[in-house]
Amino acid sequence: MTEEVVATAGEGAMEVKPLSPWADTWRRLKKNKLALIGLVIIVIFLLVGGVQEIANLLGPQNASETATAAQRPWWQRGYLAPYDPNGGDFHAGPAGPINPPSMKHLLGTDYLGRDVLSRALVATRISLLVGIIAVGIALAIGLSLGPISGYYGGAVDSVVMRMADIFFAFPYILFVLLIMTVLGPGFRNVFIAIGILSWAGYARLNRGSVLSVKQVEYIEAARAQGASDLRIIFRHVLPNTMAPIYVAIAMGIGGAILTESALSYLGIGMRPPDASWGSMITDYQTYFFAGQWWMLTFPSVALVVTVFGFISFGNGLRDATDPKLKE
Amino acid sequence: MLTYIVRRLFQLIVVIFGVTIITFVIMFLIPGDPAQLLAGKSPTPGKIALIRSELGLDKPLYVQYTRFVNRLAHGDFGTSYQTDRPVSAMLRENIPYTAQLALAAVLLELIGIPLGIYSALRQYTFWDSAYTTTALIVWGIPVFVMGLFLQWLFGLKLNLLPVTGAGDLAFGIFPNSWDSFLHLILPAIAIGLVEVAYISYMQRAAMLEVIRSDYIRTARAKGLSERQVVFKHAFKNAVIPVMTIAGIDLGALMGGAIITEAVFSRPGVGQMIYSSIGARDLPVVAAGVIFSTFVYVIANLIVDLSYAWVDPRIRLEE
C-alpha cells in the first residue's frame, strides 16, 4: 500500500515503479462500487460468523446443558446474541410467543417466542462453516489434481478430466439428497458432500491456466536448475495461476451458502432446534402467509445480502484481474 | 466435425459409466441393508434371505453392478419401497410436468439476452449501472425465497394467480386449459427471474468483449452504421455463448426442478424425489439422480455439438 503511494505520487512521470499485482488489482477494484459493497458485506459476514464460531467453541459441548444457557456468563453460552436462540418464551411479549419487531426484540419473536435476531445471528455461523468447509475441500482436491493434470498432460490428464466430467454431470442437490438418504441427516455431511461434488470446477479452471503457464521461460529455468516436478508445480506454476481461482472461491462460497440453504429448506441438514437461514425459512413459511412476515423476511434478507456480497465481489475481482480489460 | 462428435460421444459414455458406478456404490455399499428395509417392520431371517436372493444381493458385486446397468438399459429402475410401484412408471407420469416447467422457465430467461445487450451498449450510463446492480441482487436470490415471495404477492395479496399444484396437460406437455396455464406462471417466474438476471449479466459481459474486438473496430472504421455493427457483426458472436447457458439450463431443469416443485407443491420429477427422501425410498431417489444426470449430459452434448457446428473455432480448437 505504501509502495503504491510512493510510486504514483512521489516520482512523477519520469520513472514510475511498476505496481505489484496486488496493488494493481486493488487500484482497479476500488473504482468498482458494487465490488466494494460486496467486500464490506463479506467482512461483516466473516466477523459475525467468526464471533459465533468462537462463542460456540468456548460454549458447553453437551447439547443437554444448553437449555439453561441464558443463565451462564455470556462467554460460556455458546452464542453471542441478545437472547438464547433456542430458548423459547411463551410470554416474550404482550401477544404471547409471536410478537412483531419491537425495542425489546428488534426483529420480533417466532412461534415459540424465540428471538428472530438471535436465531439469524447464530445461523450466520452455519453459512460461514459451509462456505469454508465445502470450498476448502473442493479446493484441496481441485488444486492438487488440476495442476498435476495440466502439467503432466497425456494419460494423467485424460483420467483426471474424465473424472471431472463425471462430477460435473451430477445434479448437485439431487446427489447430496442421495447421499443424505443413505447417511441420514446431519449438517456436517452436507458440507462434505457439497465440497466433494464441487472440486471439478476448480480443477478444470486451474488446469487451463497451468497449460498456459508451463510453457513460460521461468519454468524452463527452474527445470534447468534441477527443481523436482512437484516443486515446479506447487512453487512456480500454481502461484502464477491463482487469480481466476480467487474469483472462483468468492463465487464458490456464495454458491455453497445457496446450496446449503436450499438443502435446509428441503429439510435436510440442520436438525432442530438449531437454525440455519434455510431451515428458518422453511420453519416460518406458514406464518409468513398468515401475515407474520418478520420471521421469514429477516433470514431471507440475510441470505440474499450475503450471497449478493460474494457474487458482487467475485465479479468485481474478475474484472479487476482480467488482463483483457486493462486500459 | 466427425472427430469432434466421436470424441464427445466417447466422453458421454465415460460419464454415464462413472455416474452409474458411483450411484451403485453409494446405494449398495453404505450402511443399511436394502433387503432388511424391504422386508418391512418385523422381518424374519428367512424373509430377508429370500429378498436377498431375489435382488441378487448375495452375488458378487460386479455381477450386481452388471445386473443394475442391464436393468437400467431396459428402462427398469426398480420398485419403490413406498408405493410398491415400478419407478419407471412413476417417472413417466412426472416427466411431462417437469418438462413443461423447464421449457417455460427457459423461454422466460431468454429475456435476459436483449437486456444484457442493451446494458452493454450503454455501458457506464445510469441505466446500465442500475440494471447491473439489480441483476446482481436478483442473481443471488434463492429460488425458494423468490417462490415464497411471489406466492405471497400474487397469491395472497393480489389474489391473481394460483400458488400450488398444476393443471392437467394436453398434447404431452402443454397446459390443457387457461387455468392450468395460470398454474404454470408463478413457478416459471420463480426460476426464470433468477436466470434472467444471470443470463443478462453474462450477455452484457460477452457483448462488451465482442464489441472491443478488432473485427468490430474494422466494421466501424469502414463506416458501417452502429445498427449494422451491432446486429450484423457483433450479435451472433455475442449471443451464441449465452444461448449455450440457456441450453444447459434446460437440461438441468428437465432433470427435476426439485426446489421449485417443492415450494409450489407441483407434481414433477423433483417432487417425486422430494417426497421419497423422508421415507428413505432409495430406488426412487437413485432413479431420480440417474435420470437427471442422463438428461443433463445429453442436453450438454446437444448444446456442445450445435455450438461446434455454428462456431468452427470450437471444433478446431484441439
Side-chain angles (χ1 to χ4, degrees), chain A residues 33-34 37-38 158 161-163 165-175 177-185 254 257-259 261-263 265-268 277-278 281-282 285 288-291 293 296-297 299-301 303-312 315 318-319 322 324-325, chain B residues 11-12 14-19 21-23 26-27 30-32 129 132-133 136-145 148-149 151-152 155-156 163 201 205 208-209 212 252 255-256 258-259 262-263 270 273-274 276-282 284-286 288-289 292-297 300:
Chain A
K33 284 197 201 76
L34 277 177
I37 296 173
S158 297
M161 283 302 113
R162 291 301 78 77
M163 261 164 63
D165 286 345
I166 293 169
F167 277 85
F168 237 66
F170 269 124
Y172 223 66
I173 290 192
L174 284 183
F175 193 71
L177 287 179
L178 177 69
I179 296 178
M180 293 299 120
T181 316
V182 177
L183 287 184
I257 292 172
L258 271 181
T259 308
S261 74
L263 289 165
Y265 176 78
L266 294 176
I268 298 136
W277 291 333
I281 292 170
T282 331
Q285 54 183 353
F288 177 63
F289 293 115
W293 55 273
L296 181 134
T297 305
S300 305
V301 169
L303 184 58
V304 172
V305 168
T306 307
V307 175
F308 165 76
F310 280 99
I311 293 178
S312 169
N315 275 320
R318 175 183 301 136
D319 292 348
D322 188 349
K324 267 184 277 180
L325 295 177
Chain B
Q11 284 178 14
L12 181 84
V14 173
V15 167
I16 287 178
F17 176 71
V19 168
I21 217 164
I22 292 176
T23 312
I26 290 177
M27 276 177 74
I30 293 174
S129 35
T132 310
T133 312
L136 276 180
I137 294 172
V138 176
W139 177 358
I141 299 181
V143 153
F144 56 94
V145 171
L148 290 169
F149 278 84
Q151 285 181 326
W152 174 79
L156 191 71
V163 292
Y201 195 89
L208 285 178
E209 202 179 313
R212 282 179 193 160
I258 186 162
I259 296 164
V263 173
I273 298 168
Y274 178 52
S276 312
I277 299 163
R280 300 187 75 175
D281 196 344
L282 210 49
V284 178
V285 181
V289 171
S292 319
T293 317
F294 280 19
V295 176
Y296 180 73
V297 198
N300 253 310

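Residue numbers begin at 1 in each chain, while the letters A, B, ... track the order of the sequences. What you are looking at is a predicted structure, and each value in this text was computed from that prediction instead of being measured.
Among all heavy-atom pairs drawn from A/Leu258 and B/Pro142, the shortest one is CD2-CG, 3.5 Å.
Residue B/Tyr201 holds its OH atom at 3.5 Å from CG of A/Asn315, rounded to the nearest 0.5 Å. The line from CD1 of A/Ile173 to CD1 of B/Ile273 is 11.0 Å long, rounded to the nearest 0.5 Å. Here the CD1-CG distance, from B/Ile141 to B/Leu136, works out to 11.5 Å after rounding to the nearest 0.5 Å.
The candidate with the highest count of non-hydrogen atom pairs below 4.5 Å against chain B, out of A/Phe308, A/Tyr265, A/Trp293, is A/Tyr265. Taking chain B as the reference chain and counting heavy-atom pairs below 4.5 Å, the highest number among A/Gly309, A/Ser261, A/Ser312, A/Gly254 is found for A/Ser261. Taking chain A as the reference chain and counting heavy-atom pairs below 4.5 Å, the highest number among B/Trp152, B/Phe144, B/Phe294, B/Tyr296 is found for B/Phe144.
For A/Phe310, no part sits under 4.5 Å from any heavy atom of chain B, backbone or side chain. Using a 4.5 Å cut-off between heavy atoms, B/Val14 touches chain A through backbone and side chain atoms alike. Of the two parts of A/Leu296, only the side chain, counted from C-beta on, holds a non-hydrogen atom closer than 4.5 Å to a non-hydrogen atom of chain B. Both the backbone and the side chain of B/Val263 come within less than 4.5 Å of a heavy atom of chain A. If you measure heavy-atom distances from B/Leu148 to chain A, the contacts under 4.5 Å come from both the backbone and the side chain. Heavy atoms of B/Val297 lying under 4.5 Å from chain A belong exclusively to its side chain.
Counting heavy atoms from C-beta outward, A/Phe288 and A/Thr297 have side chains that approach closer than 4.5 Å.
Applying the side chain to side chain contact (heavy atoms under 4.5 Å, CB included) rule to B/Tyr274 yields the partners A/Leu266, B/Ile258, B/Ala262, B/Gln271, B/Ile277; only residues at least two apart in sequence or on another chain are considered. Applying the side chain to side chain contact (heavy atoms under 4.5 Å, CB included) rule to B/Val295 yields the partners B/Met254, B/Phe291; only residues at least two apart in sequence or on another chain are considered.
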